[in-house]
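Structure, as structure tokens:
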Amino acid sequence: MRSSSIPEADPTPPPAGPRPPATPPLVTPARTGGLLALLAGLLVTLVVAEWGPLLSFDRMTAEALHRRAVAEPELTWLNRVLTDWAWDPWTMRLLIAAAVITLWLRGTRLLACWVAATSVVGAALSQGLKYAVGRERPRWPDPVDSAHFAAFPSGHAMTAAVSCGLLLWVAHRHGVGRLAWRTALAVAVVSVAGAGLTRLWLGVHWSADVLAGWLLGGCLVAFSIASYTRLDSPRES
């Protein structure tokens, strides 16, 4: 009686076929930067063209906030302290300088230079647009604060957006813990919003100035992240 032999299974796995290409994410830094640049460009065009509805909204908002600022001196004093110390552009630049020094000492020198360069470009862009657009600041018979040079865009709002965006990016790249990330994100959101809203409360900016600062700052950070990621990807592979 012949015994039937069971063929042994081939231990060699079949060759794997080509993997399907990964679907690119819908939201990327480059796309975000492009959208913000489009919105900022539209806003700049409307301000330069002195579009009536925008100017009317700016005037209405500024007058309403100025009346409250005059009527509530304690809150106005708090806004002055916040705008002059907590959210002043030089405070933000000092935070960026501390981050740049830390990155440099840790050996991530390309990133350190990138963050510093982005901050410098943001300051130059803000001042250049102020000079080019030349929009006058609100004027009041009873001002609660003062500011110099042109109004558009808000340097406080733009510097806060650039600085906080860069700091969040650096924190994310270095894998901070969940609690630290949520805390940093909350502080950044409050700081960016507060840097602009205090300027409106104090009557030294129009609402379009602040919005432009936010849009331009976010646009610059998004493009900076996109270009750095593309530049640094061969080094990480």
Side-chain angles (χ1 to χ4, degrees), residues 33 36-70 76 79-96 116-166 191-224:
L36 294 176
L38 181 64
L39 295 174
L42 176 60
L43 185 56
V44 171
T45 302
L46 295 177
V47 169
V48 172
E50 298 184 351
W51 190 50
L54 177 62
L55 299 185
S56 298
F57 179 79
D58 276 353
R59 172 59 64 179
M60 177 186 65
T61 305
E63 288 176 349
L65 289 173
H66 182 67
R67 286 194 296 269
R68 292 200 58 189
V70 172
T76 299
N79 276 266
R80 279 202 299 266
V81 171
L82 291 172
T83 196
D84 289 341
W85 295 97
W87 300 321
D88 182 76
W90 284 108
T91 302
M92 296 293 169
R93 289 165 189 151
L94 285 175
L95 293 176
I96 289 294
T118 304
S119 180
V120 171
V121 169
L125 179 60
S126 173
Q127 295 301 309
L129 278 173
K130 283 178 179 290
Y131 179 80
V133 176
R135 192 183 196 191
E136 291 189 1
R137 294 179 183 269
R139 294 183 179 181
W140 311 105
D142 50 350
V144 297
D145 202 357
S146 62
H148 307 287
F149 201 30
F152 186 91
S154 166
H156 280 69
M158 186 170 176
T159 304
V162 171
S163 301
C164 291
L166 290 173
S191 297
V192 173
L197 295 178
T198 52
R199 306 305 282 169
L200 294 178
W201 180 272
L202 295 172
V204 294
H205 274 294
W206 308 104
S207 54
D209 306 340
V210 170
L211 179 57
W214 288 334
L215 291 174
L216 290 166
C219 167
L220 180 60
V221 171
F223 280 140
S224 177

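We count residues from 1, following the sequence as given.
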Q: For residues 119-130, pull every pair meeting salt bridge (charged side-chain N to carboxylate O under 4.0 Å, His left out), keeping only residues two or more places apart or in separate chains.
A: none
Q. Mind checking what makes side-chain hydrogen bond (donor to acceptor under 3.5 Å, both in side chains) contact with D58, not counting sequence neighbours?
A. R135, S207
(Q) Once side-chain hydrogen bond (donor to acceptor under 3.5 Å, both in side chains) is applied, do any residues pair with S224, and if so which ones, sequence neighbours excluded? (A) W114, T118
Q.
Tell me the closest heavy-atom pair linking A157 and V210, and the distance in Å.
A. CB-O, 3.8 Å
Q) R68: what forms a salt bridge (charged side-chain N to carboxylate O under 4.0 Å, His left out) with it, not counting sequence neighbours? A) E72
Q) Would you say R199's side chain and V204's backbone share a donor-acceptor pair under 3.5 angstrom? A) no
Q | By side-chain contact (heavy atoms from CB on, under 4.5 Å) - contacts of C164 (at least two apart) | A | M92, A188, S191, V192
Q | Point-to-point distance, once rounded to the nearest 0.5 Å, from CE of M158 to CG of L129 | A | 7.0 Å
**Q.** side-chain hydrogen bond (donor to acceptor under 3.5 Å, both in side chains) partners of R67, counting only residues at least two apart
**A.** none
Q | Where at least one partner belongs to residues 197-216, residue pairs that pass ring pair (Phe, Tyr, Trp, His ring centres under 6.0 Å), sequence neighbours excluded | A | none
Q.
On a heavy-atom basis, which atom in A161 and which in G213 lie closest, and how many Å separate them?
A. CB-O, 4.3 Å
(Q) For L46, give me all partners under side-chain contact (heavy atoms from CB on, under 4.5 Å), at least two apart in sequence or on another chain. (A) L42, W51, L54
Q. Taking L39 as the fixed residue, which of V44, L211, L215 is the one that meets the side chain to side chain contact (heavy atoms under 4.5 Å, CB included) rule?
A. L215
Q: State whether the side chain of T83 and the backbone N or O of N79 hold a donor-acceptor pair below 3.5 Å, judged by distance alone.
A: no
Q. Can you name the nearest heavy-atom pair linking A37 to F223, along with the distance?
A. CB-CE1, 4.2 Å
Q: Name all residues meeting the side-chain contact (heavy atoms from CB on, under 4.5 Å) criterion together with L82; count only those two or more places apart in sequence or in a different chain, and write none if there are none.
A: L78, A86, W87, T198
Q.
I need the T91 OG1 to D84 CG distance, nearest 0.5 Å.
A. 9.0 Å
Please list every donor-acceptor pair under 3.5 Å in which a side-chain atom of residues 138-153 meets a protein atom from a residue at least two apart or in another chain.
from	atom 1	to	atom 2	distance (Å)
W140	NE1	G203	O	2.9
D142	OD1	H66	NE2	2.9

(Q) Going by salt bridge (charged side-chain N to carboxylate O under 4.0 Å, His left out), name the pairs with one or both residues in residues 146-156, residues two or more places apart or in two chains. (A) none
(Q) Tell me every residue that passes side-chain contact (heavy atoms from CB on, under 4.5 Å) with W85, counting only those two or more places apart in sequence or in another chain. (A) V81
Q: Test side chain to side chain contact (heavy atoms under 4.5 Å, CB included) on S163 and L95 and set out the steps.
A: CA-CA 8 Å; S163 301; L95 293 176; 6.0 Å; no
